[in-house]
Amino acid sequence: MTVRIKPEVEKALAEGKPVVALESTIISHGMPYPRNVETALNVEKIIREEGGVPCTMGFIDGDAVIGMNEAEIEEFGKRGRSIAKVSRRDIPVIMGTKQWGATTVATTMILAAKAGIEMFVTGGIGGVHRHAQETFDISADLQELGRTSVTVLCAGAKAILDLPLTLEVLETQGVPVLGYQTEELPAFYTRTSGLKVDYALRDEAEAARIIKAKRDFGLAGGILITNTIPEEYSMDPAVINKAIDEAVAEMEAKGIHGKECTPYLLAKIVDITGGASLDANIQLVYNNAHVGTRIACQLAALKEKN
Ligand code: PSU
Ligand code: MN
């Protein structure tokens, strides 16, 4: 069993510089090639421009890789859905059988925590699926947020999920849900969901103080920060919700279940919207990279003062 950490990341952590974790399921299962690779590399670039060090996670031949290089990210994008999607329960098999694996939000948190990385930026988290009352399909991301001390910044959760139930489970798991400069929980492609977050963050510095307070008190578990998609890229709720309903109905008719659900729905929605949802998805990830890195910088500045 090997954990490989990129020297640049190791050095940055030792020096207390802001490191930002990134997942790889969004590359292999969340977007089509080649835009997945282009997006992943642009996100790394944005993080650097904001003064952070990017750290994209993955499993390569069974090694846990904390900080993939460009060629590895390219390979993840090319291999796409043929790479295993690795959530917490899949880690031992992937490592023990020396396979490639893409990290979900849950697994990215696990690797980040191992390395001592406190901030993680992505597009959307998994949550409680519609009809979970019967299927029990609740993403392992939610439990991970309840136990692993990493802050995850995302654009909310997609309406492919049951958002009110997702908030209920986050509450049960003890996860603070903080809206960046808004009281409204964003729904990924759209700016509104009709639901409220627990607290509206004033700015990046306040986010950093809250993360630090939790750490100083020794309270284990994650924090979820939601960041709203910029107005100019947000989608018409009627259009996207119709596409989502259609995708969910087709998934149920085909009997798709388990870990295949989320990748199936993501691809189907891109199909139905003729790529419009992909453009929105990419833009919201860029926006998250900006805000998330600024929070990581504030957090690093707070550490320096101690
Ligand atoms: N939501 C998105 N894009 C994604 C995912 C979710 O908008 O790429 C991925 C993330 O890696 C997330 C995972 O952790 O799907 C959740 O899968 P599941 O629902 O099977 O737990
Ligand atoms: Mn699931």
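Whatever order the structure lists them in is the order used to number ligands and atoms, beginning at 1.
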Polar contact flag for K259 and ligand 1 (N/O pairs, less than 3.5 Å)
no
Under 4.0 Å, heavy atoms only, figure out whether ligand 1 is touched by the backbone of T104, its side chain, both or neither.
both
Interatomic distance, CG@N227 vs CG@L178, rounded to 0.5 Å, equals 12.0 Å
Using heavy atoms and a 4.0 Å limit, tell me yes or no: is K85 in contact with ligand 1?
yes
Protein contact of atom 10 (C) of ligand 1 - nearest heavy atom, named by residue and atom, plus distance:
E23 OE1, 3.4 Å
Short list, please: which atoms of ligand 1 are under 4.0 Å from a heavy atom of F188?
7 (O)
Non-hydrogen side-chain atoms of H129 and D162 separated by less than 4.5 Å:
no
Check side-chain contact (heavy atoms from CB on, under 4.5 Å) between Q173 and all other residues, then give those that pass, not counting sequence neighbours.
Q143, V169, V175
Quick check: are there more than 12 heavy atoms from other residues, nucleotides or ligands sitting under 6.0 Å from CD of E252?
yes
Looking only at protein heavy atoms, which one is nearest to atom 1 (N) of ligand 1, and how far off is it?
G124 O, 3.6 Å
Nearest 0.5 Å, what's the OH-CG distance between Y189 and L284?
8.0 Å
For atom 9 (C) of ligand 1, what is the nearest protein heavy atom, given as residue, atom name and distance?
T25 CG2, 4.1 Å
Which is closest to atom 8 (O) of ligand 1 by heavy-atom distance: D137, N281, I26?
I26
Does a sphere of radius 6.0 Å around CD in E70 hold more than 12 heavy atoms from other residues, nucleotides or ligands, not counting ones at 6.0 Å or beyond?
no
Looking at side-chain heavy atoms only, is the closest gap between E184 and R191 below 4.5 Å?
no
For ligand 1, the portion of T262 having any non-hydrogen atom under 4.0 Å away
side chain
To the closest 0.5 Å, what do you measure between CG (D63) and OG1 (T2)?
4.0 Å
Taking only non-hydrogen atoms of H129 and a 4.0 Å limit, the atoms of ligand 1 in range are 19 (O)
Taking 4.0 Å as the limit for heavy-atom contacts, which would you say applies to H29 with ligand 1: side chain only, backbone only, both, or neither?
neither
Which atom of D137 approaches the Mn ion (ligand 2) most closely (N/O/S):
OD1
Identify, by atom number and element, the atoms of ligand 1 in contact range of D141, meaning under 4.0 Å from any of its heavy atoms.
12 (C), 14 (O), 16 (C)
Using a strict 4.0 Å cut-off to heavy atoms of S139, name the atoms of ligand 1 that fall inside it.
18 (P), 19 (O), 21 (O)
Tell me which protein heavy atom sits closest to atom 7 (O) of ligand 1, plus the residue, atom name and distance to 0.1 Å.
K158 NZ, 2.1 Å
Quick check: is L219 connected to M119 through a chain of hydrophobic side chains (ILVMFWY, heavy atoms under 4.5 Å apart)?
no
Protein contact of atom 3 (N) of ligand 1 - nearest heavy atom, named by residue and atom, plus distance
L266 CD1, 3.5 Å
Among V248, N281, I244, L278, find the one that has a side-chain contact (heavy atoms from CB on, under 4.5 Å) with I269.
I244
